[in-house]
Amino acid sequence: MTVLEGARERRVRTGGIELRVAELGDPSRPTVVLVHGYPDSKEVWSEVASRLADRFHVVLYDVRGHGRSTAPRPLRGGFTLEKLTDDFLAVADAVCPDRPVHLVGHDWGSVQAWEFVTVARTAGRIASFTSMSGPSLDHFGHWIARRVRRPTPRRVGQLLGQGAKSWYVYLLHTPALPEAAWRGPLGKRWPRILQRLEQVPVGAYPTSSLPSDAANGAWLYRDNVRSRLRRPRTDAHAHVPVQLITPLGDAYLSERLYDDLERWVPRLTRRTLPAGHWIPRTRPDRLASWITEFVISVEDGTPERPATSGRYADRFGGQLVLVTGAASGIGRATALAFAEAGARVIAVDRDSEGAARTAEASRLMGAPEAWPEAVDVSDERAMEKLAARVAAEYGVVDVLVNNAGIGLSGSFLDTTSEDWQRVLDVNLWGVIHGCRLFGRQMAERGQGGHIVNTASAAAFQPSRALPAYSTSKAAVLMLSECLRAELAGRGIGVTAICPGIVNTNITSTARFTGVDAEEERRRQKRAARLYGLRNYPPEKVAEAILRAVVRNEAVVPVTPEARGARFLSRWAPGALRALARAEPPW
């Protein structure tokens, strides 16, 4: 059963075998060739291919011995990289004889493709290469040799770590056992195994040819791995631009394998993705977007842009980030910081003009895409509509920053029930709505993510002047801690950010209870002046947010006074209680 609906098929004969090739899209457009890995067939690319077909001529083929392509006879010696290169050139000549093609490979498709882009006989036939979850065997061989010849504790640890991840390679070299397993119980259970371990949706993939594909494909390893790792080529330099996509949760390949890749690839674009190994099935939207961007940059002759030059460009490039309260202050600074790191940004605020300005600035900072959304986070129905619209139009959010908040100062006895309702609706319920709606989407996708909730130093620093505000932020802190425990098993991190006094416009919009309008304006101005004198910029909070996501930190006090209050809350709570009795400075 095929899952490549609407594809045009052809047969390409080469080296005594017949390759089954599928094509989508307009042949007059740039050609993108997708090469599958082990134990897959070309159908592993169906979700990616359908997304690329609107912009490109997309070509997929079953590697020899897989899918509906015939197998060499005998199998031994029929899967060498040299013969696989012959197959690729035959396909390229058949589908796009007059122009170089853009190559994309996953797993063993990427291992093959590294051979294609580093041998002289393919020069001029390949325009670019996107690699994922499959290193060059030559590069791998040199990587091993450097760690054996010049061992250090770190290098030995890397070698042992990758050795443990490669357990299946040893098994595939055993005679007859892999074939018996794949044609027996493993072949039947593989779809459920993928669903359980990698959250790969169950459907028409894998196809019914899986047992024979996997049995034949064992010769990919037997014909190539030991010989290349022992005697790696010294001239394995890529002659085309390369985009490397590294899934951070890959159970079979270490990120460290690519540490020295610039030595072999003069024009390299790095991307990382918080996902497992089978990203063509679990993250087709992200792959299609990156492939499109990379191919267009090569076609147009523009420099390859590695998700901009921000500090965390390799971590957040292309990820979808939603920030609430993004019109100003910490929210705006955070949206721009993610934009500088190459993320796609959704700027949410009830101030529609402010959200639009942030989205425009995000695009100027380097975000490949940025959109404004005017929503009041305290409105549950509006947030539900936003979550549905974001999922339908942009995809599942990778990082959610619940930042929207309002200030409220005044004694408890002067704070009305309406005041309490207003501050809890925004500061607490807004966070609850975001976590519930977007967190559920992350969990259902099954590929992890991260939630950042902006609390405050007021969450652990009591004050006679901030009973409602401090209560709302303490609730956000505890909610974050509880949610972190619940979602840890799903690969979703949760962070509570706790800034102290930060120079934002929250002081100009903060409410002061128990006073008349004139006195409230005077206190707002005085508070704004004090915050301005402190002059701690929101950009530092934004930097702390990105760092916390990268490190998966739980609670992050940002400013010196916040760190001091956090310390006292743990070791000298009596001192904090004494400070809480002080009169506010306004």
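One is the number of the first residue; the rest follow in order along the sequence. The figures that follow rest on heavy atoms only: side chains count, while hydrogens, waters and symmetry mates do not.
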Checking side chain to side chain donor-acceptor pair (under 3.5 Å) between [X] and each of [options], which is the one that passes?
| X | options | result |
| --- | --- | --- |
| Glu18 | Arg64, Arg13, Arg68 | Arg13 |
| Gln195 | Gln199, Arg192, Glu198 | Arg192 |
| Asp40 | Trp108, Trp278, Trp45 | Trp278 |

field: Under the side chain to side chain donor-acceptor pair (under 3.5 Å) test, residues paired with Tyr38 that sit two or more places apart
entry: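 Residues passing side chain to side chain donor-acceptor pair (under 3.5 Å) with Tyr38: Trp182.
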task = Not counting sequence neighbours, which residues clear side chain to side chain donor-acceptor pair (under 3.5 Å) with Arg99? List them please.
result =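 For Arg99 there are no side chain to side chain donor-acceptor pair (under 3.5 Å) partners, ignoring immediate neighbours.
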If I take atom OH from residue Tyr205 and atom CG from residue Leu4, how far apart are they, to the nearest 0.5 angstrom?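 Here the interatomic distance stands at 12.5 Å.
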- request: Have a look at Trp114 and tell me which of Val242, Leu103, Leu81 forms a side chain to side chain contact (heavy atoms under 4.5 Å, CB included) with it.
  value: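 With Trp114 as partner, side chain to side chain contact (heavy atoms under 4.5 Å, CB included) holds for just one option, Val242.
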Tell me whether the count of non-hydrogen atoms from other residues, nucleotides or ligands lying under 6.0 Å of [atom1] in [X] goes above 12.
| X | atom1 | value |
| --- | --- | --- |
| Arg121 | CZ | yes |
| Arg490 | CZ | no |
| Arg146 | CZ | yes |
| Arg76 | CZ | no |

inquiry  = Main chain of Tyr61, side chain of His66: is a donor-acceptor contact present, judged purely on distance under 3.5 Å?
reply    =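 Pair absent, no side-chain N/O of His66 close to backbone of Tyr61.
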Donor-acceptor contact present, side-chain Asp250 to main-chain Ser133, <3.5 Å: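 No; judged by distance alone, with no hydrogens or angles, the pair does not exist.
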Any salt bridge between Glu293 and Arg271, counting N to O under 4.0 Å?
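Here Glu293 pairs with Arg271 in a salt bridge, since their nearest N and O are under 4.0 Å apart.
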* To do: Starting from the C-alpha separation in whole Å, work towards a yes-or-no answer on salt bridge (Lys or Arg N to Asp or Glu O under 4.0 Å) for Arg267 and Glu262.
  => CA-CA 8 Å; Arg267 293 169 290 174; Glu262 279 80 2; over 6 Å; no
Going by the rule salt bridge (charged side-chain N to carboxylate O under 4.0 Å, His left out), which residues pair with [X] if we only count those two or more places apart in sequence or in a different chain?
| X | result |
| --- | --- |
| Arg484 | none |
| Arg226 | none |
| Asp98 | none |

Only pairs at least two apart or in different chains count here, so list each salt bridge (Lys or Arg N to Asp or Glu O under 4.0 Å) that has a residue in residues 24-36.
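Checked against salt bridge (Lys or Arg N to Asp or Glu O under 4.0 Å) - neighbours excluded - no pair reaches residues 24-36.
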